[in-house]
Each structure stands twice: as structure tokens, then as C-alpha cells.
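The structure under discussion appears below in the form of C-alpha cells.
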Amino acid sequence: MHQPDTQTETTTCVIAGGGPAGIMLGLLLARAGVEVTVLEKHADFLRDFRGDTVHASTIRLLDELGLGDGFRALPQNKLGNFRLPTPRGEVTLADFDRLNPPYDYVAMVPQWDLLNFLTAAAEEEPCFTLRMNTEATGLLHGANDGGRVTGVSYRTRDPETGAETGTGAILADLTVACDGRGSVLRHAAGLVPQEFPVPFDTWWFRLSRSEDEQAQISTLVPRFAGSEVLLSLTRREFYQIAYFAEKGKDPQLRAEGVESFRQRVARLRPDLADRVGEIRSMDDLHLLDVKLNRISRWHKPGLLLIGDAAHAMSPAGGVGINLAIQDAVAAAARLAGPLLRGTLSEQDLAAVQRRRWFPTVVLQAIQRGLHKVIFGPAVSGEASGPPSPLVFLVRHVPALRKLPALLIAFGPRPEHAPEFARRRQSAVR
């Protein structure tokens with residue numbers, strides 16, 4: 001039997017996870033001249049049924065990095081204003097038209113396109129290395145420096161068969177966990193997140209868009225019926241749809257079968273009833289077990305956690321990707337200098353958490369409020385639609401519609417690209 005090869009390597013910073021936060025952090029650090037290696041366990045970025053939103057603060061960041069023109073050339077749709085249905089017609093909750101152009105919208109871009117684009121930009125930097133099919137499996141600790149994290153162990157897999165092909169270790173001055181809400185490195189570090197109650201799960205699926213529909217301006221309008229909620233996001237050729245129902249309802253939905261689920265969708269969106277047959281089986285539904293949590297300490301000596309590894313976000317408001325990218329920018333701005341000088345301390349890592357703690361807590365508090373006021377009553381059948389006081393306010397005080405748009409588009413404390421990472425516009429594709 002073939003035994004996997006084992007090897008040990010060194011770098012300055014090793015990042016576990018090639019999602020938006022991991023790739024952005026790798027790009028920024030590499031532009032500062034920091035040697036960085038990003039480990040991504042999959043063979044490619046082709047994973048579907050995500051929010052795939054790129055927010056205004058990220059678009060502005062890409063402009064500052066000289067990547068805005070290339071980003072705008074990617075296939076994408078602009079999300080319209082977020083509206084709520086009421087018995088008296090729709091009302092606008094988040095009015096992006098009140099924001100200053102050109103950063104007055106949220107773009108829907110397939111995440112694989114965004115990650116491939118950012119990777120192409122990062123690979124122009126000689127200090128950047130991306131290792132696909134390579135999964136971080138644990139933390140390494142120094143023997144003589146008080147248990148400081150000194151890197152990661154990893155395993156590689158064959159992209160075709162999935163068979164393990166090797167194991168190894170990477171020693172680094174800094175290890176960054178960007179490996180998602182089920183973070184292996186967080187578990188290895190013994191960091192346990194505080195969980196907040198979430199009343200719903202979501203089931204993602206897609207339905208086609210006709211040529212006429214593709215020409216229409218897309219708006220975000222959730223649909224409520226009984227104890228069900230449905231929200232449609234638009235891509236160029238199809239709708240990416242989230243069905244919300246009470247947490248733990250997945251076994252019941254699957255037991256009822258695909259025809260029953262098609263009827264649910266048709267009841268919520270009669271205009272899509274002619275194509276629910278595109279849901280071929282319940283296997284076409286991708287369950288997201290929604291979580292909302294955060295760890296109280298994002299760091300240990302030699303280790304930093306950012307993005308979902310530090311704070312899993314609810315899909316309410318679609319702010320998770322934006323928040324993770326902002327974490328990466330703050331981390332690069334604070335840590336590039338100490339990494340280059342060889343003076344990195346845990347105080348530097350704590351400074352990153354202090355910078356990003358406020359926006360995390362604020363956005364999670366807002367999401368918890370949305371769960372309690374809108375989503376919880378809706379999926380439990382206690383109420384169908386938004387609460388009347390909220391509808392009254394946004395209907396009669398139009399200026400209030402700007403605040404939700406700002407929070408979605410930029411979030412609290414949006415970050416700017418550090419000077420060392422800024423470039424003139426390039427033609428990266």
C-alpha cells in the first residue's frame with residue numbers, strides 16, 4: 001500500500017482556507033512583500049448556492065487595489081433595493097439609490113469568479129503561493145516558547161479520486177485560520193464560540209430566468225405565506241432562491257418529497273410555478289444549517305482567526321462575506337509591518353480583534369433583532385410579513401431607508417486598502 005509522503009516547509013504566514021477572507025489577506029500581505037502560503041482543501045472554487053454578494057465597501061477596496069475595472073468586467077448583476085411586502089403594497093426598507101455613486105449597489109458575482117479573479121491578481125506577486133487540494137489538519141506548537149503556534153499540519157488529496165496523497169507541515173511566524181464556521185484550527189486551538197439562537201434554516205436551489213426576466217431590474221422582495229419565507233437573488237440566467245423554514249425541519253421536508261416542495265414554491269412565487277419542475281429531486285436542495293456565533297478571543301500566540309472562523313453570520317442581510325473581507329484588510333494593515341520586521345506579538349493580533357470587534361457585535365445584534373422581529377415570527381406562523389411599526393416608519397420617514405442600505409453596502413467601520421497594497425487600475429481578468 002502506498003504511504004503518503006511527509007515533508008516540512010517554511011513560510012512567513014500560512015493561511016488556512018481559500019475563501020474571500022483567505023485569498024484577500026494573502027493578496028494584501030504578498031503586496032507588502034510578506035511570504036504567504038494559502039491552503040485550500042478543494043481542487044477548485046466551483047461551489048454553488050452561496051450568497052455571492054460583493055458589497056460596495058469591497059468594490060471600493062478593489063478600486064483602491066487597482067482591480068476595479070477587471071472586477072466590473074466579470075459576469076454580474078446589481079441587486080436592487082430591498083423591499084418588504086405589505087397588505088398595502090411593497091415598501092422599501094433599504095434604498096441603495098440614496099447612497100453616493102459609484103458605490104451605491106451590491107453586486108451578485110459567482111463566488112468562484114471572484115476568487116479566481118483575486119487569485120490571478122495575487123499570483124502576480126512573487127511572495128504569494130496558493131496550494132489547492134491541501135487541507136490544514138492541525139496546529140503545530142513550539143517546544144521551547146510556551147506553546148506558541150508555529151504553523152500547521154496538512155494533508156493533500158488527489159483531485160480526481162479524493163485519495164490522500166501526502167501529509168506535511170508548514171512552519172510559519174503567523175498562522176491565520178480562515179477555514180470557515182466549522183474551523184478545524186479553531187477546534188485545535190480549543191476556542192469555543194458563543195452560540196446565539198437562530199429560529200430558521202435555509203434551503204438553497206435555483207430556477208431559470210427567461211430572456212425577458214433577465215432584462216428586468218432586480219429587486220429583493222421576500223415572500224411570506226403562513227410559516228414560510230422565500231427570497232430570490234438574481235444571477236444572469238437563473239434565480240438563486242433561499243427557502244426559509246423552522247430550524248430542524250429538513251427531515252420533514254425531505255420526507256414529504258419533491259412534489260410537495262414544488263407546491264410550496266409555487267404558492268410563494270406563483271410567477272415561477274411554470275418552472276418548479278426544474279427541481280428534479282430533493283437532492284437539488286442544499287441545506288444551510290444557519291448559525292450565529294462568535295468567539296470571545298480571536299487569537300493565541302502565533303495564531304489569528306478571522307471571518308467565519310471567528311464569527312459565523314446569519315444570511316440575514318447577506319453581510320457575512322463583506323465582514324470577512326473587512327477582517328482581512330484590517331489584519332493585513334496591522335500585521336504586514338511586524339511580519340516583515342520579525343517583531344510580531346500577540347498584542348498585534350489583539351489589535352486586529354479590537355479593530356473588528358465593534359462591527360461584528362453591531363451586525364450580529366442587528367441580525368438577532370431581525371431574527372426576533374421578522375424571521376422568527378414568520379417561520380413559527382405567529383406573523384406573516386414585517387411588523388407594522390417598521391412598515392410605518394420606512395413608509396413615512398424615507399430618510400430612514402438609507403441606514404439599512406449603508407449597513408448592507410458598507411457595514412460599520414469599513415476598511416480601506418493599506419497604502420502598500422494600492423495600485424493603479426490593471427487589466428487582471
Side-chain angles (χ1 to χ4, degrees), residues 11-38 54-68 71 103 114 118-119 121-122 124-128 172-178 297-311 319-363 409-426:
T11 189
T12 301
C13 177
V14 61
I15 299 171
I23 297 296
M24 179 59 75
L25 178 58
L27 165 63
L28 296 177
L29 289 178
R31 284 192 171 186
V34 175
E35 185 180 8
V36 57
T37 300
V38 180
V54 179
H55 296 241
S57 61
T58 302
I59 298 170
R60 184 178 67 186
L61 171 67
L62 293 171
D63 280 339
E64 294 168 348
L65 297 175
L67 301 173
F71 168 77
Y103 308 118
L114 176 65
L118 293 176
T119 297
E124 293 184 352
E125 307 299 326
C127 294
F128 178 87
D173 296 336
L174 173 64
T175 298
V176 184
C178 299
R297 185 182 180 93
W298 298 10
H299 54 87
K300 285 189 169 185
L303 173 68
L304 176 68
L305 296 89
I306 62 173
D308 282 357
H311 47 71
V319 297
I321 294 173
N322 187 57
L323 189 63
I325 289 176
Q326 300 299 303
D327 287 354
V329 179
R334 175 70 191 205
L335 304 180
L339 285 169
L340 289 170
R341 294 189 297 268
T343 61
L344 183 72
S345 68
E346 194 173 5
Q347 286 71 32
D348 296 313
L349 306 182
V352 177
Q353 178 177 348
R354 284 196 302 271
R355 173 75 184 176
R356 299 306 304 161
W357 183 257
F358 170 75
T360 299
V361 171
V362 168
L363 288 175
F410 289 93
R413 190 174 287 167
E415 305 289 348
H416 288 274
E419 288 299 325
F420 61 73
R422 296 185 179 225
R423 302 287 189 274
R424 292 184 178 180
Q425 290 291 337
S426 70

#### Entry: For G17 against V38, the heavy-atom pair lying closest together
O-CG1, 3.8 Å
### Query
How far does CD of E64 sit from CD1 of I59, to the nearest 0.5 angstrom?
12.5 Å
### Task
Can you sort out the partners of Q353 under side-chain hydrogen bond (donor to acceptor under 3.5 Å, both in side chains), two or more places apart, ordered by chain and number?
none
### Task
Please name all residues satisfying salt bridge (charged side-chain N to carboxylate O under 4.0 Å, His left out) with R297, sequence neighbours left out, ordered by chain then number.
E346
### Task
Check whether any side-chain heavy atom of P359 sits under 4.5 Å from a side-chain heavy atom of Q326, and report yes or no.
no
#### Entry: Exam field: side chain T58 to backbone V54, donor-acceptor pair closer than 3.5 Å
no
### Within-4.5 Å side-chain heavy-atom neighbours: L118 and L62
yes
### Query
For the residue pair A328 and L25, what are the closest heavy atoms and their distance?
O-CD1, 3.6 Å
### Query
Under 4.5 Å between any side-chain heavy atoms of W298 and R356, yes or no?
yes
### Pairwise side-chain contact, D63 with F71, heavy-atom cut-off 4.5 Å (strictly under)
no
### Task
Please confirm whether the backbone N or O of I306 pairs with a side-chain atom of D327, one donor and one acceptor, at under 3.5 Å?
no
### Check: L349 main-chain N/O paired with R334 side-chain donor or acceptor under 3.5 Å
no
### Between CG on residue L363 and CZ on residue R413, distance to nearest 0.5 Å
12.0 Å
### Query
Does any N or O in the side chain of R31 come within less than 3.5 Å of the main-chain N or O of G26, such that one atom is a donor and the other an acceptor?
no
### Query
In chain order, what residues pass the salt bridge (charged side-chain N to carboxylate O under 4.0 Å, His left out) check against R355, with sequence neighbours excluded?
E415
### Task
Carefully, step by step, assess L304 and T175 under the rule side chain to side chain contact (heavy atoms under 4.5 Å, CB included).
CA-CA 6 Å; L304 176 68; T175 298; over 6 Å; no
### Query
Can you list the steps and then say if F410 with H55 is a side chain to side chain contact (heavy atoms under 4.5 Å, CB included)?
CA-CA 7 Å; F410 289 93; H55 296 241; over 6 Å; no
## Note on the structure
Smallest heavy-atom separation, C13 atom then V176 atom, equals SG-CG2, 3.9 Å
### Summary
Only residue of L344, D348, I15, V36 satisfying side chain to side chain contact (heavy atoms under 4.5 Å, CB included) with L174 is L344
#### Entry: side chain to side chain donor-acceptor pair (under 3.5 Å) evaluation trace for T12 with D173
CA-CA 5 Å; T12 301; D173 296 336; 4.7 Å; no
### Message
Nearest 0.5 Å, please: how far is SG in C178 from CG in D308?
### Response
10.0 Å
### Task
List the atom of L340, the atom of A32, and the distance in Å for their closest heavy-atom pair.
CD1-O, 3.3 Å
### Message
Run the side chain to side chain contact (heavy atoms under 4.5 Å, CB included) test on C127 and V34 for me, step by step, so that the C-alpha distance in whole Å, both residues' side-chain angles and the decisive distance to 0.1 Å come before the verdict.
### Response
CA-CA 6 Å; C127 294; V34 175; over 6 Å; no
### Heavy-atom pair of closest approach, residues H416 and L61
C-CD1, 4.4 Å
### Task
In sequence, state the C-alpha distance, the side-chain angles, and the governing distance for R423 and L65, and then conclude on side chain to side chain contact (heavy atoms under 4.5 Å, CB included).
CA-CA 5 Å; R423 302 287 189 274; L65 297 175; over 6 Å; no
### Task
Could you tell me which non-hydrogen atom of S57 sits nearest to which non-hydrogen atom of N322, and how far apart they are?
OG-OD1, 2.5 Å
